[in-house]
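To keep things clear, I will list the structure first and then write my remarks on it.
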Amino acid sequence: MIILGIETSCDETAAAVVTSDKRILSNIVSSQLKEHTPFGGVVPEIAARSHLHHIDFIVEKALKDASVSLQDLDGIAATGGPGLIGGVIVGVMMAKGMAMATNLPFLPINHLEAHALTVRLTHAVEFPYLLLLVSGGHCQFLIAEDVGKYTYLGGTLDDALGECLDKTARLLGQPYPGGPFIERMALRGNPHAFAFPHPLKGQKGCSFSFSGLKTAARKVILEHNTGSLPFCEDFCASFQKVIGEILQDRCRHALAVALEKFPSLKTLVVAGGVAANQYFKAQLTLCAREKEVDVVSPPIDLCTDNGAMIAWAGVEWLKKGARGDLDFAPRPRWPLAEKD
Ligand code: AMP
Ligand code: MG
């Protein structure tokens, strides 16, 4: 089975061709970062126009690099939401048009589900598994029970973790995305230099809250920032350390809930752009080992938005017998699981 996947939900125009035997034949990602940088964030109207401008070329290149023609495909998948509506419409209409012209099934994919399933493309991970989705826009624990079957355990009450990292790095004068900068700086800093609050520590449940931490970080920067490298390194090391503690605390709760429901659960999957952070991964691994649970992440280029994850979700749905749905309407909001 060979599937084309198209991703246009935020600021990457991406397309990829993936097979059901887990080969990524092509994976083209065109970032709009430069177009949005002057505005300090993603501008939806600019994003939509840019997707429209690039989509033909990106899809053509994905097919060409994979050395497949439309006749070789078994389905066309596109992100159907959640995301910025203008971009989602571009990808969905492109995929629907191609599906109509070729008589192939059109598979609308939930972007969050694609993040959740990517690990099954890159690793042999069986259901059920615990999933921590941490990105610029999301921060939540879910149990992935099957394709299309997820239980929401808890998520952020305010900011996503990536957002908290990006906004804090911005106060240090760093452009988006700030997460990698904080990780790099933290390597040489003193993690005990500054004390930060630990929101929700010890509280039951799997919720996160980062707005208080963000405000505390702002205060430290306003009071102590001398613009020197040592300050920056110490600040980032202390800031990263407290986030590591928060992740561990929440992870313990989430694992307890997940293991109670599925005692045989063996894997914690960490997905989304923040999963690139090695320090956070190490902290989560320590915590998961206490329960003999392995921590697995897709490779970094498949953790951030890409077409291969959409194509793979299309494979999983087709294997489950999905028939395609040309009547699908793009969904700017599309929760992966109803909250318990
Ligand atoms: P996504 O929303 O999945 O596209 O991922 C982008 C988010 O991941 C941004 O908030 C980045 O700051 C964050 N991110 C990327 N690399 C790292 C890293 N090494 N450490 C922490 N956050 C990161
Ligand atoms: Mg994403």
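Whatever order the structure lists them in is the order used to number ligands and atoms, beginning at 1. All of these numbers come straight from a predicted model, not from anything done at the bench.
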Option whose closest heavy atom lies nearest to atom 9 (C) of ligand 1, chosen from Leu161, Leu133, Asp166: Asp166
Polar atom proximity, Tyr176 to ligand 1 (N or O, under 3.5 Å): no
N/O separation below 3.5 Å, Gly273 to ligand 1: yes
Option whose closest heavy atom lies nearest to atom 16 (N) of ligand 1, chosen from Ala169, Gly179, Pro180, Ser31: Pro180
Shortest non-hydrogen separation from Gly272 to Ser135 and the atoms involved: CA-CB, 4.1 Å
Gly136 N/O under 3.5 Å from ligand 1 N/O: yes
Thr13 versus His51, side-chain donor and acceptor atoms under 3.5 Å: yes
Phe194/His224 aromatic ring centres below 6.0 Å: yes
Stepwise salt bridge (Lys or Arg N to Asp or Glu O under 4.0 Å) test for Glu245 and Arg250: CA-CA 9 Å; Glu245 287 165 8; Arg250 301 288 89 191; over 6 Å; no
From CD (Glu45) to OG (Ser50), nearest 0.5 Å: 11.5 Å
For Ser135, the ligand 1 atoms whose distance to one of its heavy atoms is below 4.0 Å: 1 (P), 2 (O), 3 (O)
Joint hydrophobic cluster, Ile58 plus Val88, side-chain heavy atoms closer than 4.5 Å: no
Subset of ligand 1 atoms that lie under 4.0 Å from at least one heavy atom of Pro177: 11 (C), 12 (O)
Those atoms of ligand 1 less than 4.0 Å from some heavy atom in Gly162: 10 (O)
Phe181 ring center near Tyr176 ring center (under 6.0 Å): no
Glu183 N/O to ligand 1 N/O under 3.5 Å: yes
For Leu165, the ligand 1 atoms whose distance to one of its heavy atoms is below 4.0 Å: 21 (C), 22 (N)
